[in-house]
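What you see is a predicted model, and the numbers here were worked out from it, not measured in a lab.
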Amino acid sequence: MPTPLIPITFQAPGYKGLNSQLSSTALDSGWATELENAVFDQTGKITSRKGFTALTTSGSPGAYDIEQVFCYESETSTTVLCASNLKLYSGTTTLTDRTGTITTPTANNWQFQNFTSNKVVAWQLNHPPIVSTAGGNFADIVVSDGGTIPDGNVCLSAFGRIWATKDDGYTVQYSAILDETKWATASGAGSFSTLQYWPRGKDYITAMAVWEDKLIVFGRRNILVYDGAENIATSGAFVLQDAIEGVGCIARDSVQGVGTDILFLSETGVRSLKKSLVTTKSPLQDISTNVRDDLVAYTTAGTASKIRSCYNPIEGFYLLIIPSSTAPIIYCFDVKNLHQYNELPSEGMIRVSKWTGYGSISGVAMGRDGIMYVGVRNSSNNGVVGSYSAYLDGASTYTLKYKSPWIDMSGEEQAGTFYKIPKKATLTTVGGGTYQPTLTWAFDYNITESTSTTTVNSPTGAAEWGLAEWGLDEWNASARELANSRFQLGRYGQFFRIGVTIPINGKEISIQKIDLFMKRGRISH
């Protein structure tokens with residue numbers, strides 16, 4: 001009598017996200033040991049990320065990276081500013097040179113800030129700070145009251161003032177109210193030193209941010225939390241509320257406000273700074289635990305001053321871009337669950353994927369117009385401004401990739417007792433157009449994989465597929481169809497890993513589930 005096939009279902013494979021930290025151990029099937037070019041849809045399933053559309057058609061700086069992207073926000077519009085090849089530009093379709101009369105810079109590492117109703121200011125180390133009015137040409141800021149303007153690497157627009165570091169790395173100066181040209185004490189400006197407050201001796205300021213009503217000063221290995229910054233001119237109002245020891249920020253442009261939280265890159269990974277309702281201290285949560293070693297290796301090898309990040313509230317992710325000698329390393333953190341004020345992040349709340357390619361992205365910013373703007377290279381290798389949109393990287397395809405953990409596909413009472421012989425599999429996807437999913441499988445921690453590829457031609461008539469039961473009503477189902485792709489499998493072993501790769505060519509595709517049918521083999525030893 002034939003041995004019956006045993007069905008095993010990977011429902012929403014990889015829904016917990018990437019776990020490279022424990023990829024060689026027996027994780028459950030909810031994890032992915034490889035997950036590339038993916039985000040998570042509203043139902044928690046893996047789906048292809050969007051690509052970029054190159055917006056710039058004229059005025060490109062040429063074969064240079066767009067190293068900074070920033071959005072100047074007026075009351076009614078968003079204007080994109082960018083820095084490349086020691087120049088400043090505005091616009092998207094046409095990049096207009098806005099370098100103006102500034103002192104010639106030696107780098108493109110500007111930190112831009114919106115200030116007052118119509119100005120943008122920018123700082124970078126050992127360069128005169130600059131200002132633009134209403135999106136026009138930039139000029140060096142000229143001090144009007146005899147004060148001394150700082151020329152450090154960090155600035156922040158908050159509480160009606162500019163807060164900026166001096167080049168000593170530990171002194172913060174603040175401007176007069178609503179005036180970037182006044183830095184004298186008589187004008188209501190001032191300064192304070194952090195030197196005596198670092199818990200572990202001397203540290204240097206790497207970033208600043210506002211969290212709730214607090215001024216956050218990040219060192220490389222410590223964090224200072226100040227209260228009363230909005231009333232700093234009032235004697236005794238400005239006080240050090242908290243000093244967080246042993247964790248700091250290593251990359252200025254990794255700091256992003258996410259709902260009621262702040263995310264930033266530390267020496268040990270991406271951290272979340274969130275207020276505790278129970279204690280008076282500010283606990284720090286590591287949200288990159290599942291990719292820690294790889295992430296730390298990439299950031300250690302990269303250049304911290306060129307690390308970029310963005311929070312996209314529409315898509316619900318925090319994007320971290322790490323430069324490398326070949327192509328940037330991009331981590332995407334799904335942070336939709338971070339908006340729950342009373343909860344601290346936990347392992348299951350933050351899901352991670354890794355992106356590849358993406359036009360050698362070198363800058364990114366989110367506009368109030370709902371568009372995430374990116375600095376990328378186009379097909380001619382010229383630096384351009386693009387938008388996070390469509391499902392091509394410019395004109396190039398990219399690949400959605402998933403691999404499961406190594407799994408012993410037996411019940412607990414039978415684990416390891418029998419060899420497993422997978423005979424066939426059904427991959428359920430939802431997508432549009434014609435695409436070619438490839439199934440890969442391997443055994444017993446051997447990197448040699450078997451592969452099988454099929455072609456999906458999405459049919460018409462979404463209603464007959466009953467997409468509502470898959471939670472896809474929000475998907476614009478008329479453009480995406482459910483498909484079951486069948487594969488014949490072979491070989492055998494005790495531990496099994498399955499993977500899916502799908503080239504993305506202009507259409508969104510998601511992985512819904514994998515149904516595996518196997519036989520029980522002889523006793524393993």
Side-chain angles (χ1 to χ4, degrees), residues 5 7-15 29 32-52 353-358 389-404 422-442 449-490 496-518:
L5 294 178
I8 297 175
T9 296
F10 292 70
Q11 188 69 48
Y15 74 92
S29 61
T33 54
E34 292 185 28
L35 188 57
E36 295 182 358
N37 297 317
V39 291
F40 300 89
D41 67 18
Q42 295 91 334
T43 65
K45 297 181 178 68
I46 294 170
T47 189
S48 54
R49 64 163 172 84
K50 293 176 183 175
F52 70 87
S353 61
K354 191 176 174 182
W355 295 4
T356 59
Y358 213 82
S389 57
Y391 290 91
L392 284 169
D393 282 352
S396 301
T397 63
Y398 53 94
T399 301
L400 171 64
K401 186 176 183 180
Y402 155 80
K403 283 188 181 178
S404 75
K423 304 298 289 183
K424 59 183 180 178
T426 299
L427 169 67
T428 301
T429 55
V430 170
T434 299
Y435 56 97
Q436 291 187 311
T438 296
L439 201 72
T440 66
W441 64 97
E449 293 181 326
S450 299
T451 66
S452 179
T453 301
T454 189
T455 299
V456 174
N457 294 296
S458 296
T460 58
E464 66 180 296
W465 293 91
L467 292 182
E469 67 179 283
W470 295 86
L472 300 172
D473 291 338
E474 306 170 27
W475 273 59
N476 181 15
S478 62
R480 302 175 181 86
E481 307 291 343
L482 185 144
N484 292 310
S485 302
R486 294 174 174 82
F487 302 86
Q488 298 298 315
L489 279 61
F496 178 80
R497 183 174 71 181
I498 195 165
V500 178
T501 60
I502 305 174
I504 304 302
N505 188 12
K507 300 291 185 180
E508 182 178 16
I509 299 171
S510 73
I511 301 173
Q512 300 292 307
K513 68 170 181 170
I514 302 172
D515 291 308
L516 183 67
F517 300 89
M518 73 170 190

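- Proximity of a side-chain donor or acceptor of Tyr15 to a complementary backbone N or O of Thr43 within less than 3.5 Å is not detected.
- Contact between Ser48 and Ile504 at its shortest, heavy atoms only, is CB-CD1, 3.6 Å.
- Between Phe487 and Leu427, the shortest heavy-atom contact is CE1-CB, 3.9 Å.
- Taking the ring centre of Tyr358 as origin, the terminal cationic atom of Arg49 falls outside the region bounded by 6.0 Å and 45° from the ring axis.
- For the residue pair Asp41/Ser510, the side-chain donor-acceptor check at 3.5 Å is not satisfied.
- Remark: the backbone N or O of Ser485 is not paired with any side-chain donor or acceptor of Thr426 at under 3.5 angstrom.
- Looking only at distances, no side-chain donor or acceptor of Trp441 sits under 3.5 Å from a matching main-chain atom of Ser452.
- Inter-residue side-chain proximity for Ile502 and Thr429 is flagged as met; some heavy-atom pair is nearer than 4.5 Å.
- Counting heavy atoms from C-beta on, the side chains of Thr434 and Val456 never come closer than 4.5 Å.
- Within the 4.5 Å cutoff, the side chain of Tyr402 has heavy atoms near those of the Pro13 side chain.
- Distance OG1/Thr399 to CD/Glu36: 8.5 Å, rounded to 0.5 Å.
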Does the side-chain contact (heavy atoms from CB on, under 4.5 Å) test come out yes or no for Met518 and Ile8, once each step is laid out? CA-CA 8 Å; Met518 73 170 190; Ile8 297 175; 3.8 Å; yes
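- With hydrogens and angles ignored, the 3.5 Å screen pairs a side-chain donor or acceptor of Thr33 with a backbone N or O of Ser404.
- In this structure, Thr428 and Ile514 have side chains that are not in contact, with every pair of non-hydrogen atoms separated by 4.5 Å or more.
- For Thr47 (side chain) and Phe40 (main-chain N/O), no donor-acceptor pair under 3.5 Å exists by modelled atom type.
- Side-chain polar atoms of Asn37 and Thr356 form a donor-acceptor pair below 3.5 angstrom.
- The closest side-chain donor-acceptor pair between Thr438 and Gln436, if any, does not fall under 3.5 angstrom.
- Residues Tyr391 and Glu508 have side chains in contact (heavy-atom distance under 4.5 Å, counting atoms from C-beta outward).
- Legend: salt bridge (charged side-chain N to carboxylate O under 4.0 Å, His left out) pairs involving residues 423-432, not counting sequence neighbours: none detected.
- The shortest non-hydrogen separation linking Leu439 to Ala425 is CD2-CB, 3.8 Å.
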Could you go through Leu35 and Ile46, starting from their C-alpha distance and side-chain angles, then the distance that decides it, and tell me whether this counts as side-chain contact (heavy atoms from CB on, under 4.5 Å)? CA-CA 9 Å; Leu35 188 57; Ile46 294 170; 3.6 Å; yes
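- A salt bridge links Lys401 and Glu34; the closest N-O separation between the charged side-chain nitrogens and carboxylate oxygens is under 4.0 Å.
- Proximity of Lys513 to Thr9: side-chain heavy atoms (C-beta onward) are separated by under 4.5 Å at one or more points.
- Inter-residue side-chain proximity for Thr501 and Thr451 is flagged as unmet; no heavy-atom pair is nearer than 4.5 Å.
- Taking the side chain as every heavy atom from C-beta outward, Phe496 and Leu516 approach each other to under 4.5 Å.
- No donor-acceptor pair closer than 3.5 Å links the side chain of Asn505 to the backbone N or O of Tyr435.
- Look at Arg497 and Glu449 and you find a salt bridge, because one of the NZ, NE, NH1 or NH2 atoms lies within 4.0 Å of a carboxylate O, short of that distance.
- Side-chain atoms of Trp355 come within 3.5 Å of backbone N or O of Ala38 as a donor-acceptor pair.
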